[in-house]
Trainee: 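The structure that follows is given in the form of structure tokens.
Lettering follows sequence order; numbering is per chain, from 1. Since the structure is predicted, the reported quantities are computational estimates derived from the model, not experimental observations.
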2 protein chains.
Amino acid sequence: MSSSGGDSVISRLRKLISDGEYQPGDRIGEVRVAQQLGVSRTPVRLAFRTLEQEGLLERAGKRGFRVREFSAADVLCAVEVRGVLEGLAVRRLAERGLDDSLDELLSFWIQKGRELLAKGHLEEVDVGRWGDINHSFHEALVAAAGSPVIGDAIARNNHLPFAAADSIIIDTEALDREYRKLLQAQLQHELVLQALRCGEGARAEMLMREHAFIGLRYVDLLGMEPVSLSGTDE
Amino acid sequence: MSSSGGDSVISRLRKLISDGEYQPGDRIGEVRVAQQLGVSRTPVRLAFRTLEQEGLLERAGKRGFRVREFSAADVLCAVEVRGVLEGLAVRRLAERGLDDSLDELLSFWIQKGRELLAKGHLEEVDVGRWGDINHSFHEALVAAAGSPVIGDAIARNNHLPFAAADSIIIDTEALDREYRKLLQAQLQHELVLQALRCGEGARAEMLMREHAFIGLRYVDLLGMEPVSLSGTDE
DNA sequence: GCACGCCTGAATGGATCCAACAAAGGTATA
DNA sequence: TATACCTTTGTTGGATCCATTCAGGCGTGC
């Protein structure tokens, strides 16, 4: 019994790491994790291999693993990687043409975004809803790119902390500023769809690349604290 | 005893798959693989998780794995992914400037390539040597991109069959044609270095993207058989 | 006093055992 | 005869056990 459902060890361990329970650079042992999660060593060993492939862990010498540390530069780089990959996806999409059903789907999520932002300000509950809308839009784009390869590459990249498209840091203290950010994101979504409809592959690609930065650079511009991962207390 | 060294199960299994021992789409069982490799189920299970992350295996329903199948379109897509990622790497490199030691290293491998191709034709032993030179050049570029994130993404992408930069198919029957291909590749290497020295990020990126296609599209142009993976006998 | 080597302990990797679940086939009933 | 349920079997996931290896400490010899 217990809540040991299959891959739940992986996600629980991932959460432990991102919560800072295991510090970046720390050696991470099978026995301790197994005890902490209340499971045997076997699923932990399996999870370690998976998380190593995901990039959250790295081999510590010949023996064991350690939690990988990511600098702010790494996070920026991961965001750029997502940008070029999603850019590739939309360029291919523009080149092969946008079919009606996908146009409809994208329009649907754009309409949802419009409705969410229509009231002119942002409330705290809207944050999660925007996350869903944004995720669905991106997912639809990537899924339609013609091959699962791009989606896989993006998915693997998204395992890195703060790299995923839906990991925009929302400062609930400054919903006003966040609202302007989401307005910008929404505009970029609409521009991408516009470019796709016109078959403008290069433009769509560049828009998507720029769009990736919205969670990072735009934050800096607005004077917020840049993301830092390693060893910061909250 | 036996030759069961650590990750060797992974590479042996990878080889079994790429050799067509297990057909794409086939369900792959732990017991059979374990017996075939002469090891217990445990390392096989670990290898399955790793290969799943690498994209060679996929979950078959709720239970077990199956060998993933790649279409020609997927291979093309993986090559394009490598192109945009390596393009990103060199653009970042151009933007932050090329330091002397890297310039020296890249020049070294370019010189090696020049020497290899200087005699005006290609011999069979040169194929492997070109592979090494090419690999070193690409590796040096990616390693210098400022963050391991890009390199990781490329490495993961390279696990897909025929996606790696050093998996140019060399037709030893037509070394003359292959020679012209490698001349082109060498020229592209030199152009990239030129662009890097001038800080021309966009140009370097586009050159690198185009360079990625040299193993595929150029093959088609020359009338060779396009790569096909699934179920073809050799 | 320093260095080399041995010994001990701990942690990981591999093998085996047990349980749970899914798929398939057979039988009974409507 | 067809369908539904039950049984049986095979495969996978989890737990435990054994061997191997790496690291650290201590002792002895030079």
Trainee: Between Val149(A) and Leu76(B), is there a side-chain heavy-atom distance shorter than 4.5 Å?
Mentor: no
Trainee: Apply the test salt bridge (charged side-chain N to carboxylate O under 4.0 Å, His left out) to residues Glu52(A) and Arg68(A): give CA-CA distance (whole Å), side-chain angles for both, the deciding distance (0.1 Å), then the verdict.
Mentor: CA-CA 9 Å; Glu52(A) 180 201 10; Arg68(A) 188 160 161 194; over 6 Å; no
Trainee: Below 4.0 angstrom, N of the basic side chain to O of the carboxylate: do Arg66(B) and Glu58(B) qualify?
Mentor: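 A salt bridge is present here (some side-chain N lies under 4.0 Å from a carboxylate O).
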Trainee: Take the protein atom CD of Glu30(B) and the nucleotide atom P of dT12(D), then report the distance between them rounded to whole Å.
Mentor: 5 Å
Trainee: Would you kindly give the CD-to-C1' distance between Gln35(B) and dG10(D), to the nearest whole Å?
Mentor: 13 Å
Trainee: Could you state the atom-to-atom distance from CZ of Arg49(A) to C1' of dT12(C) in whole Å?
Mentor: 9 Å
Trainee: CG of Leu46(A) versus P of dG13(D): gap in Å, rounded?
Mentor: 8 Å
Trainee: Base, sugar-phosphate or nothing for Arg59(A)? Non-hydrogen atoms, less than 4.0 Å.
Mentor: nothing
Trainee: In whole Å, what is the span from the CD atom of Glu52(B) to the C1' atom of dT12(D)?
Mentor: 14 Å
Trainee: Respond yes when some side-chain nitrogen or oxygen of Ser40(B) is under 4.0 Å from OP1 or OP2 of dA15(C), and no when none is.
Mentor: yes
Trainee: So Arg91(A) and Glu80(B), salt bridge (charged side-chain N to carboxylate O under 4.0 Å, His left out) or not? Walk me through it.
Mentor: CA-CA 11 Å; Arg91(A) 180 167 57 78; Glu80(B) 263 191 289; 3.5 Å; yes
Trainee: Any idea how His189(B) and His138(B) line up, ring-wise: parallel (<30°), tilted (30 to 60°), or perpendicular (>60°)?
Mentor: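 Taking His138(B) first and then His189(B), their aromatic rings stand perpendicular (interplane angle over 60°).
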Trainee: Let me know the distance between CZ of Phe65(A) and C1' of dT12(C), rounded to the nearest Å.
Mentor: 10 Å
Trainee: Are the charged groups of Arg92(B) and Glu86(B) less than 4.0 angstrom apart, N to O?
Mentor: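 Not counted as a salt bridge, because no side-chain N and carboxylate O are separated by less than 4.0 Å.
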Trainee: Nearest whole Å is fine: how far is dT11(D) C1' from Arg32(B) CZ?
Mentor: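 So the two atoms are 14 Å apart, to the nearest Å.
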Trainee: What nitrogen or oxygen pairs link the protein and nucleotides 20-25 of chain C at under 3.5 Å?
Mentor:
| residue | atom | partner | partner atom | Å |
| --- | --- | --- | --- | --- |
| dC21(C) | O2 | Arg63(B) | NH1 | 3.4 |

Trainee: Show your reasoning for whether side-chain hydrogen bond (donor to acceptor under 3.5 Å, both in side chains) applies to Ser136(A) and Asp132(A).
Mentor: CA-CA 6 Å; Ser136(A) 304; Asp132(A) 295 340; over 6 Å; no
Trainee: What is the distance from CG of Leu57(A) to C1' of dT12(C), rounded to the nearest Å?
Mentor: 15 Å
Trainee: Does OP1 or OP2 of dA15(C) have a side-chain N or O of Arg45(A) closer than 4.0 Å?
Mentor: no
